[in-house]
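Read through the structure below, which is laid out as structure tokens, and then see the notes.
The analysis underlying the following values was restricted to heavy atoms, covering all of them including side chains, and did not include hydrogens, waters or symmetry mates. Note that the numbering runs from 1 along the sequence shown for the chain.
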Amino acid sequence: MIAYYSRRQKARTDDPPLLGSKATVEEQLSPEGAVLVRGELWNACSLHGQLIPPQTSVTVVLLRGHILVVDDS
């Protein structure tokens, strides 16, 4: 049962591998939306407040609580 529960939990934001991870925009970032990273949907915002359309590949550059900050460059 513990193994099942641990597999159902979202990665923690203080998990260092999140930084630098590649993600795909699922819900347009304008500047906030959602990205898919490592098979999990996360709330995210763009680094410079720019609009980033769906299906754009981005990189996680910062963590702000439970919001990922991403950059498309």
Side-chain angles (χ1 to χ4, degrees):
M1 184 66 158
I2 292 174
Y4 173 79
Y5 181 72
S6 67
R7 289 183 185 188
R8 306 301 291 166
Q9 286 185 323
K10 184 179 267 191
R12 298 179 352 189
T13 56
D14 61 350
D15 185 6
L18 279 177
L19 290 176
S21 293
K22 295 294 182 185
T24 303
V25 176
E26 292 292 313
E27 181 184 307
Q28 179 172 291
L29 303 182
S30 59
E32 292 187 17
V35 298
L36 189 65
V37 60
R38 291 198 265 157
E40 297 174 338
L41 196 60
W42 286 84
N43 290 327
C45 66
S46 56
L47 179 62
H48 302 291
Q50 74 273 32
L51 182 139
I52 302 177
Q55 303 308 312
T56 303
S57 180
V58 294
T59 303
V60 178
V61 294
L62 292 169
L63 305 171
R64 289 187 189 149
H66 290 285
I67 296 179
L68 304 181
V69 180
V70 300
D71 190 19
D72 65 345
S73 53

Verdict with supporting geometry, T59 and K22, side chain to side chain contact (heavy atoms under 4.5 Å, CB included): CA-CA 5 Å; T59 303; K22 295 294 182 185; 3.0 Å; yes
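- For the pair Q50 and D71, the minimum side-chain heavy-atom distance is below 4.5 Å.
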Check against side chain to side chain contact (heavy atoms under 4.5 Å, CB included), H66 and N43: CA-CA 7 Å; H66 290 285; N43 290 327; over 6 Å; no
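- Using a 4.5 Å heavy-atom cutoff, the side chains of V70 and V25 are not in contact.
- Annotation for P53 and T56: closest pair O-OG1, 2.7 Å, computed over non-hydrogen atoms.
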L18 and W42: CA distance, side-chain angles, deciding distance, side chain to side chain contact (heavy atoms under 4.5 Å, CB included) verdict: CA-CA 11 Å; L18 279 177; W42 286 84; 4.0 Å; yes
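- Hydrophobic clustering places L68 together with L19 (ILVMFWY residues linked when any side-chain heavy atoms are closer than 4.5 Å, directly or through intermediates).
- Here L62 sits in one hydrophobic cluster together with L47, V61, V69; the rule is ILVMFWY side chains under 4.5 Å apart, joined directly or through other members.
- Contact between L29 and A34 at its shortest, heavy atoms only, is CD2-N, 3.6 Å.
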